Structure formats: structure tokens, C-alpha cells
Amino acid sequence: MIKKILSSVREYKRDTILTPVYVIFESFLEILIPTLMAYLIDYGISKKNMTNVIWIGLALFISAIISLLVGVLAGRSAAIASSGFAKNLRHDMFCNVQKFSFSNIDKFSTGSIITRLTTDVTNVQNAYQMLIRLGIRAPIMIIFALIFSFRINAHLSLIFLVTIPVLGFGLWLIMSHVHPIFVRVFNTYDRLNNVVQENLLGIRVVKSYIREDHEDQKFAGISQRIFQDFSKAEKRLAFNMPLMQFCLYSSMLLLSWFGAKEIVASGNNPAAGLSTGDLAGLITYAMQILMSLMMLSMVFIMIIISNASTERIVAILNEESDLKNGENPVHTVKDGSITFEDVTFLYARKSDKPVLDKINLSIASGETVGILGGTGSSKSSLVQLIARLYDTVDGKVTVGGIDVRDYDLESLRNQVAMVLQKNIIFSGTIKENLRWGNENATDEEIIHACKLAQADGFIREFSDGYDTCIDEGGTNVSGGQKQRLCIARALLKNPKILILDDSTSAVDTKTDELIRQALKNDIPDTTKIIIAQRVASVKDADKIIVLNDGKINAIGTHDELLETSEIYREVYDSQNKGGVLHE
């Protein structure tokens with residue numbers, strides 16, 4: 001896990017290495033200062049020797065200035081290293097998410113991925129910065145301080161060997177109780193983000209049903225759980241400071257008590273035993289040792305907090321797409337012919353009931369195929385296998401006579417354009433959105449695609465035309481306009497297969513017919529698959545597939561299905577009751 005996450009340090013290794021180097025030098029100077037102070041007291045002030053006072057004082061001043069400068073350099077390097085590490089970590093996570101198949105994405109909620117990219121990475125960044133600076137400084141300070149303390153007086157320095165284990169055990173006890181709480185908190189953060197995202201996406205529904213109070217209560221409930229967990233964790237962490245102060249003041253009292261006796265016994269003579277300067281140095285070292293332990297405790301607490309975050313981040317980094325290219329992938333799609341051979345599909349392999357069961361189907365290149373069926377009949381699941389958004393559990397799907405699993409994924413999806421059931425328009429201009437289909441498309445190609453999708457008319461009504469900015473989520477265009485933009489975007493790919501997954505449901509029947517006629521006349525060689533709820537949208541298709549409960553119920557033309565398929569006839573009658581289908 002550690003090796004995986006540290007691979008994101010990359011170009012910031014230099015600053016990561018420089019930080020401990022600066023810290024070690026800074027720590028040595030800070031440890032040297034108490035010894036110089038002891039010399040100043042014993043050999044300068046006590047003996048009223050101004051020459052020693054000046055020279056030792058100058059050495060103290062220079063040491064303090066150099067320590068300050070090195071400390072600034074250490075802080076700068078630590079900030080650069082940790083910020084760069086976090087930047088790379090976010091980039092690596094985001095790039096890996098882009099490689100996920102739909103089944104991989106199904107494992108993580110959107111809110112969870114956002115939390116991991118933001119809060120979790122920030123926790124790891126803070127822990128990393130503390131680790132390479134305070135995590136190095138604290139043990140170095142402890143080691144140096146103990147060496148210098150034992151050099152002054154070995155007997156009194158044994159006090160440290162008593163207080164350090166007491167403090168260390170107390171800190172371990174606190175941390176062992178806090179870690180599970182933070183793990184729980186970050187899982188709750190995922191739910192909080194999901195609630196916020198769901199509420200913002202469905203804000204119109206919330207307001208239309210006057211459910212604001214319900215949403216407030218739901219949000220408040222999750223916020224309260226986070227508050228309770230954090231409060232519980234902070235209450236336990238609050239024992240950290242009293243424990244530290246207890247050890248610090250106990251050490252000071254013991255040093256002062258036994259040190260005073262030794263000073264009296266030596267007559268305050270450094271040559272005969274302990275002196276006032278030595279005691280001052282020991283007290284300073286005691287504070288440095290115990291404050292370093294406090295730093296270590298802060299580092300450990302941050303590591304505990306970030307440990308849960310690290311596990312969640314590594315889960316994203318280690319997740320591998322279950323859709324991969326073969327050893328020698330095919331890069332050219334010959335034509336738009338499609339076959340399904342005994343295809344069985346499940347979203348979760350442990351499910352008892354398949355989503356698609358033993359599907360056998362053949363579609364010739366250039367054909368227009370309609371797919372009709374009730375809600376939950378697996379229409380969308382069927383077409384998603386063509387672009388290999390999911391893999392079959394059994395059987396195979398071929399495009400251009402080749403198994404889709406043998407194609408290079410990018411090459412296959414460049415030739416299979418899908419307008420999904422849920423239309424997504426990104427913020428930016430209309431032209432920028434359309435160029436998602438072909439980033440090198442000319443203005444003429446864009447206009448031509450929009451004319452086919454019946455979008456050119458309403459686009460020109462905007463004051464800025466094709467340069468009109470789309471608000472986030474496409475809120476400044478209607479549902480029908482959004483669908484037509486998505487169709488135009490797909491047409492710009494010039495695909496061999498075009499799949500329209502209920503993507504004209506928000507347009508009127510006249511516009512729907514104009515779109516179908518334009519596609520039929522302008523791209524006759526492209527295989528067109530139209531999933532629809534309206535019979536009128538598929539009645540002119542070369543063949544219509546009726547799906548029911550994940551199985552093919554019937555295949556035929558409009559007239560044939562009216563004679564042979566009870567499901568198709570029921571749908572037709574329900575949509576044309578009291579009138580005649582427009583021919």
C-alpha cells in the first residue's frame with residue numbers, strides 16, 4: 001500500500017530528500033544551543049568573564065540565525081514536496097478513474113470518489129508533510145538531546161528513560177482507540193457527499209414535491225453522525241495534552257529536585273559536578289525531548305487519520321478495468337454488422353437471474369433496427385454490449401465479424417457512437433460540446449451534423465449561435481434541445497454504428513420523424529439502432545426487436561409484429577387508442 005501511494009511522489013523526490021537533510025542540520029543546531037547557554041552561564045556570567053560572554057553569545061546568535069534559515073528551507077521543501085505529491089496523487093487517481101469500465105464505476109459511488117479525490121488526498125498530503133519534517137525532526141531531536149543530556153549528567157538523564165515510556169504508552173493507547181473512529185467518519189463523509197449530490201441534481205423535484213424539510217432532516221442526520229464521531233475522537237485526543245504536560249512537569253520537578261542537591265554538593269563548580277548552567281541545559285533538553293514526543297504524537301495522529309484515507313485512495317489506484325485490450329488488438333472496424341451469439345449478461349456475477357438470457361441476433365451493416373420493450377426489459381443493457389461498455393458473461397458479441405473483445409477499445413468506440421438515455425452536456429460553448437464527437441471537426445461539419453439532428457434551427461436563435469455558453473448541466477437548454485445536441489455530437493464521429501438509446505423521447509413526433517428521415521437519407525451505410533418507447537419512432541425500421549424480461553420476444557417489421565407479437569400489438573393499441581398512427 002505504501003509503495004503504491006509513494007509512486008506518486010515522482011519529480012518531487014528531490015524536495016522530499018532535501019527536507020530531512022535540512023531538518024537534521026536544524027535539529028543539531030537547536031540541540032547545540034542549550035550546551036552553549038550552559039557554557040555562557042558557567043564560564044561567562046558566573047565567572048564575570050566578558051570575553052567568554054561575547055564569544056559564546058556570538059556563537060549562540062550565529063547558531064540561532066543559521067537554525068532559523070535552515071528551518072525556513074526545510075518548511076519550503078516540505079511544502080513543495082507535499083503539495084506536489086498531492087497534485088500527482090489526484091492526477092493518478094483521476095486518470096485511473098477514466099480507465100474504469102461501467103462495472104468498475106458501479107463499485108464506487110460518485111460521492112465516494114469525490115471524497116477520495118479531495119478530503120482523503122488532503123489528509124494524506126498533511127500527513128506526508130508532517131512525516132518528512134516533524135517525523136524526522138522529532139526522533140533526531142530526542143536522540144541528540146539524550147546524547148547531550150547523558151554527556152552533562154548520566155544519573156539525572158535517567159529520568160527521561162522513565163518518562164518517555166510512560167508518555168509513549170499513553171499515546172499508543174489514545175491512538176489505538178481513535179483510529180477506528182476516523183475510519184467510520186470517512187465512510188460517513190461518502191454518504192454525506194452522495195446526499196448533497198443527489199439533492200443538487202434533483203433540486204427541481206425536491207422543490208416541486210415540497211420535500212425541502214425531508215432533505216434538511218436527511219442531511220442533518222448524516223452531519224450529526226459526523227459531528228458525534230469527530231467529537232468522540234477529539235475527546236480521546238484531548239488526553240494527549242494533559243499526558244504531555246504531566247510528563248513534562250514531572251520531569252522538571254525531578255530534575256530541579258535532584259539537580260539542586262547535586263549543585264549544592266558540587267559547590268556550583270562544573271569541574272566538581274553539576275553546575276547551574278548544566279541544570280539549565282538539562283531542563284532545556286527535557287523540554288526538547290518531551291516537546292519532540294508531542295510532535296511525534298501529532299505526526300502519529302495525522303498518520304492515523306490519513307491511514308484510513310490512504311486505504312481508500314489505494315483502493316482507487318489498485319482498481320483495474322475489467323475491460324482490457326488483448327495481446328494483438330484489431331484497430332479497424334470493417335463494417336457495422338452486429339451479431340449476438342448465445343449472449344448472457346449479468347451486472348453482478350453472483351446474481352441468480354441474468355439481465356440478458358441467451359440472446360441470438362443478427363443485424364446487417366446499414367440496417368435500421370428498432371428496439372421496443374417495457375421498463376426493465378434490458379434494452380439499454382443489450383446495446384451497451386456492442387460498444388463493450390460491459391463484457392458478456394457467456395456467449396459473444398461481434399462487430400464487423402470480429403468479437404468486440406478482440407478490438408482495441410478506443411478504435412471500437414470511435415466507430416460505435418452512443419447517445420445514452422441520460423443526456424449529459426458539459427459546461428462550455430455549444431461548439432466545444434459538439435467537438436467531443438470530433439475535436440478536429442470544421443464549422444461546416446458541425447453545422448451539417450446539427451442540421452441532421454434538427455438542432456441547427458434553435459442554435460441559430462441564440463444570440464451567440466454556436467458560441468453560446470452552456471450552463472453547468474445544460475440547464476439553459478430544454479430536454480429536447482439537449483437530446484438533439486447529443487445526437488449531433490455522436491454524428492460528428494462519423495461512426496459505422498449509431499445507437500440512439502431513447503434519445504428522442506423529449507422531442508415532438510414531427511421533429512422525431514425529421515431526425516429519422518435525415519439519418520436514413522444522409523448516412524444509409526451506417527447501422528442505426530433506435531431504442532424507443534413510441535411505436536412511431538421505430539415503425540419504419542428494417543426490423544424491430546421486442547424485448548421482454550431480458551429475452552427476445554419477437555423480431556420482425558412493423559406489419560409483421562402487429563400480426564405475430566401480442567406485446568407489440570398491445571403497445572401499438574395503447575399509443576393509438578382513439579386515433580390512427582400517423583403514416
Side-chain angles (χ1 to χ4, degrees), residues 94 98 110 114 196-212 215 413-414 416-495 498-523 526 528 530-534 536-537 582:
F94 188 79
Q98 300 307 302
T110 305
I114 291 171
V196 172
Q197 182 189 31
E198 188 180 66
N199 179 266
L200 293 176
L201 289 174
I203 192 68
R204 289 174 174 80
V205 177
V206 172
K207 290 186 176 297
S208 64
Y209 281 90
I210 320 172
R211 296 285 286 177
E212 292 93 339
E215 290 296 310
R413 290 175 184 172
N414 275 333
V416 181
M418 289 189 67
V419 183
L420 299 173
Q421 197 169 17
K422 187 177 180 181
N423 301 288
I424 300 295
I425 296 291
F426 299 91
S427 55
T429 65
I430 289 176
K431 194 177 290 184
E432 287 170 347
N433 265 282
L434 294 172
R435 284 202 168 109
W436 274 65
N438 178 4
E439 60 183 354
N440 298 315
T442 64
D443 289 349
E444 291 74 18
E445 289 172 330
I446 290 173
I447 292 169
H448 179 65
C450 288
K451 285 180 177 178
L452 292 179
Q454 307 303 308
D456 181 67
F458 78 79
I459 291 174
R460 293 187 183 276
E461 291 176 2
F462 292 125
S463 58
D464 294 325
Y466 283 83
D467 292 316
T468 300
C469 283
I470 299 292
D471 293 340
E472 185 178 351
T475 54
N476 59 334
V477 290
S478 69
Q481 290 172 336
K482 194 185 295 184
Q483 285 186 333
R484 283 177 276 173
L485 288 173
C486 290
I487 293 171
R489 183 172 64 189
L491 289 172
L492 280 172
K493 295 183 74 168
N494 193 25
L498 175 64
I499 300 171
L500 304 179
D501 187 355
D502 202 16
S503 51
T504 57
S505 57
V507 302
D508 58 85
T509 53
K510 181 180 178 181
T511 303
D512 184 14
E513 186 175 355
L514 288 172
I515 292 172
R516 285 185 282 111
Q517 287 300 321
L519 297 179
K520 180 179 180 181
N521 296 330
D522 201 81
I523 50 173
T526 298
K528 295 167 282 292
I530 303 170
I531 297 176
Q533 300 294 335
R534 296 187 297 223
S537 297
H582 177 71

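For the numbers below, each heavy atom of this structure counts, side chains included, while hydrogens, waters and symmetry mates do not. Computed from a prediction, not measured in an experiment: that's the story for all the values here.
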Please find the pair of heavy atoms, one from Gly479 and one from Ala506, that lie closest to each other, and give the distance. C-CB, 3.7 Å

Please walk me through it: do Arg516 and Ile530 pass side chain to side chain contact (heavy atoms under 4.5 Å, CB included)? CA-CA 9 Å; Arg516 285 185 282 111; Ile530 303 170; 4.3 Å; yes

Which pair of heavy atoms, one from Phe462 and one from Val477, lies closest together, and at what distance? CZ-CG1, 4.1 Å

Side chain to side chain contact (heavy atoms under 4.5 Å, CB included) between Ile470 and Glu432: does it pass, once the steps are laid out? CA-CA 10 Å; Ile470 299 292; Glu432 287 170 347; over 6 Å; no

Keeping Asn476 on the side-chain end and Asp471 on the backbone end, is there a donor-acceptor pair under 3.5 Å? yes

Once you round to the nearest 0.5 Å, how far does CG of Leu514 lie from OG1 of Thr509? 9.5 Å

Near Glu439 CD, under 6.0 Å, is it more than 12 heavy atoms from other residues, nucleotides or ligands? no

Ionic contact status for Asp502 with Arg534, cut-off 4.0 Å: no

Of all heavy-atom pairs linking Thr442 and Arg435, the shortest is C-NH2, 4.3 Å

When rounded to the nearest 0.5 Å, the distance separating NZ of Lys528 from CG of Leu519 is 7.0 Å

Here the gap from Asp464 atom CG to Thr429 atom OG1, rounded to the nearest 0.5 Å, amounts to 10.0 Å

Value rounded to 0.5 Å, distance of CG in Leu500 from CD in Gln483: 10.0 Å

For residues Ser503 and Val419, report the shortest heavy-atom separation together with the two atoms involved. CB-CG1, 3.4 Å

Minimal heavy-atom distance between Ile446 and Ala441, with the atoms involved, is CG1-CB, 4.1 Å

CD1 of Ile523 to CG of Leu498: how many Å apart, nearest 0.5 Å? 5.5 Å

Here the gap from Thr526 atom OG1 to Asn494 atom CG, rounded to the nearest 0.5 Å, amounts to 6.5 Å

Considering non-hydrogen atoms only, spot the tightest contact between Asn438 and Glu445 and give its length. ND2-OE1, 4.3 Å

For the side chain of Asp501 and the backbone of Ile531, is there at least one donor-acceptor N/O pair under 3.5 Å apart? no

Donor-acceptor contacts under 3.5 Å from residues 447-458 side chains, at least two apart:
from   : atom 1 : to     : atom 2 : distance (Å)
His448 : NE2    : Asp522 : OD2    : 3.1
Gln454 : NE2    : Lys451 : O      : 3.1
Asp456 : OD1    : Arg460 : NE     : 3.0
Asp456 : OD1    : Tyr466 : OH     : 2.6
Asp456 : OD2    : Arg460 : NE     : 3.0

